[in-house]
Amino acid sequence: MPNTLINVSNRLPVTVEGDRITRSSGGLVAALEGLPEDQFKTKWIGWPGAAFPEESRRQEVAQQLDEEHGCVAVFLSQEEATAFYEGFSNSSIWPLLHYLPNYLRYEPGWWDHYQNVNRTFAEKVLETAHEGDLVWVHDYQLMLLPAMLRAAAPNLRIGFFLHTPFPAYEIFRCHPRRRELAAGMLGANRIGFHAFGYLRHFCSTVQRLLGIETDLTHIRTEGYNTALGVYPIGINAPKFEETLDSEEFHQRREEFRMAHENKRLVVSVERMDYTKGILRRLEAIDNFLARSDKVDAIRFVFVSVPSREGIEEYQHLVEDVESRVGQLNGKYATLLNSPIHFIHGSIPFVDLCALYALADIALVTPLIDGMNLVAKEFIACQRENAGLLILSEFAGAAEELFNALLVNPYDSAAVAETLTDALALTAEEKRTRILPMRERVMRYDARHWARSFINDLMSGPTSQARTVETDIREARDQVEQAFSAGKPIALFLDYDGTLREIELNPRAATPNAGIESLLRRLGQHPNLDVTIISGRSQEDLGAFLGGHPFRLIAEHGASLRAPGKKEWERLDRNINYAWKEELLAIFRLYEQATPGSTIEEKHSSIVWHYRKADEEFGAWKANQLTEELSALTANHPIKVRHGKKMVEVTAAENNKGAAVARVLDENDDYEVALCAGDDLTDESMFELNRPRILTIKVGSGPTLARFRVPDPAAFRQFLGGMFIR
Ligand code: GDG
């Protein structure tokens with residue numbers, strides 16, 4: 001049985017006109033049509049592009065879409081569509097994704113619509129999806145959808161692809177709903193971008209906005225794992241080959257050749273969008289024509305497809321472009337030529353191919369663009385004659401199309417100069433530039449793109465199902481049973497991040513009144529044997545918790561203080577710490593170079609804390625330090641740990657698991673031993689393979705523990721619920 005790939009995008013790949021529904025043939029459709037049929041059936045979920053006010057008509061359209069096109073329609077009212085699409089998506093998110101905060105408009109009411117529409121999409125997906133299906137969500141209109149699906153169906157395999165750039169944090173942070181949007185995307189098992197730069201910006205944004213550290217390949221949250229990847233989209237290559245072979249194509253190209261006889265043709269094709277750099281391009285053309293003595297021999301053909309016409313900024317753009325084109329034609333027209341041939345409309349595909357094939361140059365100069373398929377399509381059409389591509393270095397495509405003439409679209413004089421140079425190249429020079437690019441564009445096409453994303457999505461962990469149980473009733477029942485039967489129970493509790501919230505200043509993390517009272521109650525039960533097990537120094541633990549009748553284990557197991565005693569017993573007497581001096585010098589360099597970071601020196605370890613440093617810079621330096629230390633200590637029994645906002649070196653023999661094992665060996669009559677912790681250093685306790693052990697991870701992140709609670713407050717509540725009546 002093939003699985004179903006459910007493709008979810010704002011618009012369905014169909015156009016509904018009266019009673020007729022026609023399938024459009026964009027790259028995405030072609031990409032998915034090329035998937036092996038024995039492996040996948042495809043279904044589409046999306047908006048059919050128009051509001052159908054009558055219920056009976058909606059039902060008819062839905063049925064026809066389903067039966068004839070494998071499409072599930074999401075119907076939106078006119079008001080919803082306007083607020084969700086033109087408002088929130090295209091007036092607030094789109095400009096920021098394209099580094100243009102000046103175009104950002106925001107109305108709080110749009111947010112409700114954006115959430116509601118994403119929810120409606122989620123409902124449709126959940127109605128449609130069965131076990132084993134893949135869901136692939138596309139683009140910025142549906143950023144909340146992955147998290148909504150994840151919450152409702154933890155085992156669903158969800159991919160998300162962003163077709164636009166992802167901007168630097170400083171830009172994305174301008175969005176009033178920046179956190180929700182970033183968190184929404186993280187519901188996906190895999191997120192794909194066109195270029196590595198976008199992925200990097202996304203990671204840095206997640207780190208800064210949500211405080212989650214990432215390693216550029218994965219983002220781990222609440223037991224989930226979102227993989228990240230770079231998948232540059234391609235074109236529908238077979239369709240181009242087929243069209244270039246067709247009679248109609250040759251005929252149209254001849255007609256165009258005659259219409260533009262004796263002219264060098266420069267084409268620009270795009271949606272009428274301010275990101276495409278049309279006004280700047282006209283400025284460059286002005287610059288070029290002003291210096292050219294061959295105005296009669298050149299023609300610039302613009303095909304600008306009407307887009308987002310309900311939005312004011314787009315209306316202004318049309319006015320500005322039309323007036324500028326008129327002005328330039330007035331300025332440079334002769335009796336023989338009008339240099340700019342401007343079409344504000346769409347042309348048939350075969351005409352587009354004929355135009356590309358005939359053109360000497362494609363002038364593709366977006367101010368920024370996720371990928372830009374026009375650049376690749378132009379190359380695809382250079383099968384017989386070799387044209388030249390002048391491409392903005394700010395288009396995703398520039399990262400792949402090395403042989404294009406790359407330009408800075410803001411530098412009109414340079415663009416004009418490049419145009420002049422390009423027109424002077426010989427046919428041979430043009431061919432050497434274009435041929436290798438054509439080979440690449442035809443090979444790494446849309447199908448390749450879809451297959452690589454889907455394969456990676458499939459080959460990730462089989463499911464994101466929580467292997468860690470968040471329903472902790474069973475843990476509670478076991479402990480409570482032992483407790484009411486008066487049997488001995490051992491508690492091994494980490495302190496910072498487990499019993500107590502982490503503080504920016506570690507010294508300030510003394511137990512507050514609530515924690516004090518909880519600990520006092522724990523200390524009063526004769527059948528509870530409590531051990532506080534921490535990475536902190538003896539002094540800190542003594543000062544914070546010394547008043548309770550608990551066993552204290554400090555420095556990750558290096559020393560122990562028995563209940564009621566004042567002296568500490570060192571468990572690491574046989575360990576040689578001679579390496580500390582040498583490594584301390586390295587720690588000092590990092591402390592110096594990272595404002596806000598501090599070194600803590602303990603008997604058995606050195607710790608570098610960066611809680612107060614700049615989030616991203618701190619994490620970056622921490623990775624460097626971890627790497628440097630790991631390389632230096634590789635052949636020694638020394639352990640380097642990159643924990644929560646800290647890097648620590650300690651003797652490998654010191655670990656919490658070994659210390660817990662030692663206590664359990666000495667007192668083997670416990671009915672239950674409960675270990676709880678929040679950080680990597682606690683994993684050695686969770687790894688212990690002993691009977692009657694219960695393990696609880698506090699907070700997010702990967703873990704070997706069986707149970708998870710979200711934060712210290714929830715953990716205190718869990719303890720309080722069992723032992724305080
Ligand atoms: C977004 C991202 C990313 C244009 N005029 C006509 C026509 N077109 C077709 C082109 C091309 C498509 O429209 C435009 O695609 P782009 O990739 O250039 O740009 P966006 O529309 O902004 O697309 C972009 C893309 O998503 C995919 O991920 O590359 O960065 O912004 O296919 O050929 N087609 C026809 N007549 C026209 O007049 N037939």
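Counting starts at 1 for both ligands and their atoms, following the listed order.
Remark: aromatic rings of Tyr106 and His175 are close, center separation under 6.0 Å. Here Phe161 and His163 bring their ring centres to under 6.0 angstrom of each other.
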Side-chain donor/acceptor pairs under 3.5 Å, residues 404-411, sequence neighbours excluded:
| from | atom 1 | to | atom 2 | distance (Å) |
| --- | --- | --- | --- | --- |
| Asn408 | OD1 | Tyr410 | N | 2.9 |
| Asp411 | OD1 | Ala414 | N | 3.2 |

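Every protein residue with a heavy atom nearer than 4.0 Å to ligand 1 is included here: Trp94, His163, His194, Ile233, Val269, Arg271, Lys276, Val303, Val305, Ser346, Ile347, Phe349, Leu352, Tyr356, Asp369, Gly370, Met371, Asn372, Leu373, Val374, Glu377.
With Phe240 as the aromatic partner, Lys376 does not meet the cation-pi criteria of under 6.0 angstrom to the ring centre and within 45 degrees of the ring axis.
Applying the salt bridge (Lys or Arg N to Asp or Glu O under 4.0 Å) test to residues at least two apart or on different chains, the pairs with a partner in residues 298-311 are Asp273-Arg308.
Residues satisfying the side-chain hydrogen bond (donor to acceptor under 3.5 Å, both in side chains) test with His113, not counting sequence neighbours, are none.
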